[in-house]
Amino acid sequence: MAKTSALIEPRLPRGFVDSEPADIAAIEQMVAKIRHVYERYGFDPIQTPFFEYTETLGKFLPDTDRPNAGVFSVQDDDEQWMSLRYDLTAPLARYFAQNYQDLPKPFRSYRQGWVFRNEKPGPGRFRQFMQFDADTVGAAGPESDAEICMMMADTMDALGLAGKYVVRVNNRKVLDGVMQAIGVTDEAQKLTVLRAIDKLDKFGPGGVKLLLGEGRKDESGDYTEGAKLDADQSDAIIEMMSAARLDDLVDLEDDAGPDGFLDAEFKTAALSKFRITQSFVEGFVELQAMASLFAAANYGPDRIKIDPSVVRGLEYYTGPVFEIELTFTVQNEKGQDVVFGSVGGGGRYDGLVSRFRNEHTPATGFSIGVSRLASALKLTGNLDAAPVTGPVVVTVMEKDRIADYQKMVADLRAAGIRAELFLGSSKNMGKQMKYADKRNAPAVIIQGSDEREQGVVQIKDLAEGAEAAASITDNAAWKTERPGQYSVPLEEMVEFVKQIPAVAAWMKANPK
RNA sequence: GCCGUCGUAGCUCAGUUGGUUAGAGCGCUAGAUUGUGGAUCUAGAGGUCCCCCGUUCAAUUCGGGGCGACGGUACCA
């Protein structure tokens, strides 16, 4: 026996997972449904490579001390750093800028594929995961943002999740405007305030208030430094983010001009101590425009909801931001309730393309976290991960007649039936049956010397046999009755197999 | 990064108040059944009790330090 210490332990780096046939089939179904919705909305596919130059992906170059902080990076032959992509948006910006001359504007595209992040994995968070994005580049109006939100909702519906999600929509200008109003101008402090607002659904208003003030200690003992706002400031923020409707905060007449907006006042107690700002008004108007588009298209607040606590990424969103939240709780394999986070998000990023081109290029888009969504659905039993139907297995009874058996397999395949010859070394019949069972084979074909002399084959419908077997407890009876087994003339074999329900179902789902 | 819980068979877990042969269920392999998947019964394989150092006559068990898993939190383009 080999020494165990000499063997390599088969294992994966953390945050990476293998996929089995049922998982793969489920993901493929999800992807097909998403693609169908995106194409219906008029988006076309593009593909970009896994690797990009690091400078393409983000504003930072990896310093030689920590080249792999957050991303996976390697140095090319010419010593230029390249990285595995960590999302599908930066590569799109590069693609758009690189092919600017030839692309239709606005440019509407979707992309699906693996992305990589070198960070600590969590529930539903992996170091390699799949995203499915759609973006409109070169359109500035709120109708392109609203369209994206409606497509997010339609996509979730198409995935069979109607009623189990909500698309939450906000506008960064509203947040910026309120911060400006209450006198938060320091960039670092602004980021801290935004992060605090983002935690509303996690910690509630009380927790956010701590984060806006001195700081907060969580149950595990970790302390988070707060934004150091005074009471009036943090009350104003909490009032803003807790508003059920924007109209609760301020009244703006639709036909009033910009000057009229500036004369308006906040209606709520804490906010009314501060003056309203231009940025708030701009964001407010954009959100109102989107809201009326949602209403006109019959997307109610049960599907798309204006929610002033949505923040999203801190770096590049410039206007509307949106995310998909699941409205059910998720438990892991151990039965623990788990913090899952959003399964998709996006927004307007008018600055991203300008890293590559001088002119201003508005863009909006979003991304569905396919892997994270699939993992949530798997944990809650909502993932359609039925076992894959296996092949019809032709057993080997007489070793010198392999050619005859292979001919049967070829005939079945030619008719569009998934079929294979038993290739294992053991010609023991029980082994071959067990193999077929484990493969979830719909049927096996048996021809020994008796059948050969009569010109017939035994066809065993394994599903029917299993069903019949449920009432048989005696092994001898089980063997002699041979439930679900039929003797059929060889020339009728293909037609007979086609009639087996599991085979027919597979053929319908996989036309030749 | 920080905090918490946990590491014993492929999986889920018992157990050893520090003592010589470490167990169960499931799974796996074989047989009962030389041509029939389930069920049943029988037998078998499978373990550096996560690693290293220390305490001890003796450590899987106690102490220290690592590593890993899970969860929370921070960060998240």
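Below, chain A is the first sequence line, B the second, and so on; all start at residue 1. Remember, it's a predicted structure, so these values are computed and weren't measured experimentally.
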Phosphate contact (B:A74 OP1 or OP2) by A:Arg195 side-chain N/O below 4.0 Å: no
Touch class at under 4.0 angstrom, heavy-atom based, for A:Asp450 against every strand present: base
B:U33 versus B:G38 - spacing of their C1' atoms, nearest Å: 14 Å
Between B:G31 and B:G25 - P atom distance, rounded Å: 22 Å
Atom-pair distance (CZ on A:Arg172; C1' on B:A77), nearest Å: 12 Å
B:C75 - base-pair partner by Watson-Crick or wobble geometry, distances under 3.5 Å: none
Ring centroid separation A:Phe50 to A:Phe116 under 6.0 Å: yes
A:Leu379 CG - B:C70 C1' separation (whole Å): 13 Å
Sugar-phosphate only, base, or nothing, as touched by A:Lys438 at under 4.0 Å among non-hydrogen atoms: sugar-phosphate
Distance in angstrom units between A:Tyr317 OH and B:C76 C1', rounded: 11 Å
Listed nucleotide nearest any side-chain atom of A:Met397, set B:G71, B:G35, B:A69: B:G35
Identified pairing partner of B:G44, criterion: Watson-Crick or G-U wobble below 3.5 Å: B:C28
ring centroid sep under 5.5 Å plus plane angle under 30, A:Tyr86 with B:A77: yes
Inter-nucleotide P distance (B:C49, B:C62), Å rounded: 15 Å
Residue A:Gln336, side-chain heavy atoms: nucleotide from B:C70, B:G35, B:G37 that is nearest: B:C70
Counter-base of B:U34, judged by Watson-Crick or G-U geometry with both distances under 3.5 Å: none
B:C26 versus B:A45 - spacing of their C1' atoms, nearest Å: 16 Å
Identified pairing partner of B:U5, criterion: Watson-Crick or G-U wobble below 3.5 Å: B:A69
A:Trp478 side-chain N/O to B:U36 phosphate OP1/OP2 under 4.0 Å: no
Phosphate-side-chain proximity, A:Lys479 and B:G35, N/O vs OP1/OP2 below 4.0 Å: no
Pair A:Phe496 + A:Tyr486: ring centers closer than 6.0 Å: yes
Listed nucleotide nearest any side-chain atom of A:Lys431, set B:A69, B:G35, B:A30: B:A30
Polar side-chain contact A:Gln432-B:U36 base: donor and acceptor under 3.5 Å: no
Side chain of A:Arg482 - closest among B:G72, B:C76, B:G35: B:G35
Presence of donor-acceptor pair under 3.5 Å, side chain of A:Glu451 and base of B:G35: yes
C1' gap between B:U29 and B:G46, integer Å: 10 Å
Residue matched to B:C62 through Watson-Crick or wobble contacts both under 3.5 angstrom: B:G54
Residues, nucleotides or ligands: over 12 heavy atoms within 6.0 Å of A:Glu467 CD: no
Between B:C11 and B:G47 - P atom distance, rounded Å: 13 Å
Residue mapping more 5' on RNA chain B - nearest nucleotide basis, A:Pro13 or A:Lys202: A:Pro13
Touch class at under 4.0 angstrom, heavy-atom based, for A:Thr395 against every strand present: nothing
Residue A:Leu462, side-chain heavy atoms: nucleotide from B:C76, B:G37, B:A74 that is nearest: B:G37
Side chain A:Asp437 and base B:G38 donor-acceptor under 3.5 Å: no
Cationic N near anionic O, under 4.0 Å, A:Arg413 to A:Glu420: no
Rounded distance in Å between the P positions of B:G68 and B:U55: 27 Å
Length of the CE-C1' vector between A:Met429 and B:G35, whole Å: 5 Å
Distance, rounded to the nearest Å, where A:Gln447 contributes CD and B:G35 contributes C1': 13 Å
Backbone N/O of A:Thr56 and side chain of A:Glu52: donor-acceptor pair under 3.5 Å: no
A:Arg216 charged N/C atom sitting above A:Phe203 aromatic ring, 6.0 Å / 45°: yes
Interatomic distance where CD belongs to A:Gln458 and P belongs to B:G35 [whole Å]: 15 Å
Candidates B:A77, B:U36, B:U73 - which lies nearest the side chain of A:Val71: B:A77
Closest listed nucleotide, where the reference is the side chain of A:Thr224 and the choices are B:G72, B:A74, B:G35: B:A74
Sugar-phosphate only, base, or nothing, as touched by A:Ala469 at under 4.0 Å among non-hydrogen atoms: base
Identity of whatever pairs with B:U16 - Watson-Crick or G-U, under 3.5 angstrom: none
Distance below 4.0 Å between A:Lys199 side-chain N/O and B:C75 OP1 or OP2: yes
Note: A:Lys228-A:Glu214 ion pair, threshold 4.0 Å (strictly below): yes
Ion pair A:Arg348/A:Glu286, N-O distance below 4.0 Å: no
B:U33 phosphate, OP1 or OP2, under 4.0 Å from A:Asn475 side-chain N/O: no
Under-4.0 Å side-chain N/O to phosphate OP1/OP2 contact, A:Arg14 with B:A69: yes
Rounded interatomic separation in angstrom, taking CZ from A:Arg125 and P from B:A74: 11 Å
Which nucleotide in B:G38, B:G72, B:A77 has an atom nearest any side-chain atom of A:Lys434: B:G38
Sugar-phosphate only, base, or nothing, as touched by A:Val339 at under 4.0 Å among non-hydrogen atoms: sugar-phosphate
A:Tyr53 versus A:Asp76, side-chain donor and acceptor atoms under 3.5 Å: no
Whole-Å distance separating the CZ atom of A:Phe203 from the P atom of B:G72: 11 Å
C1' spacing across the pair B:U8 / B:A69, given as an integer number of angstrom: 15 Å
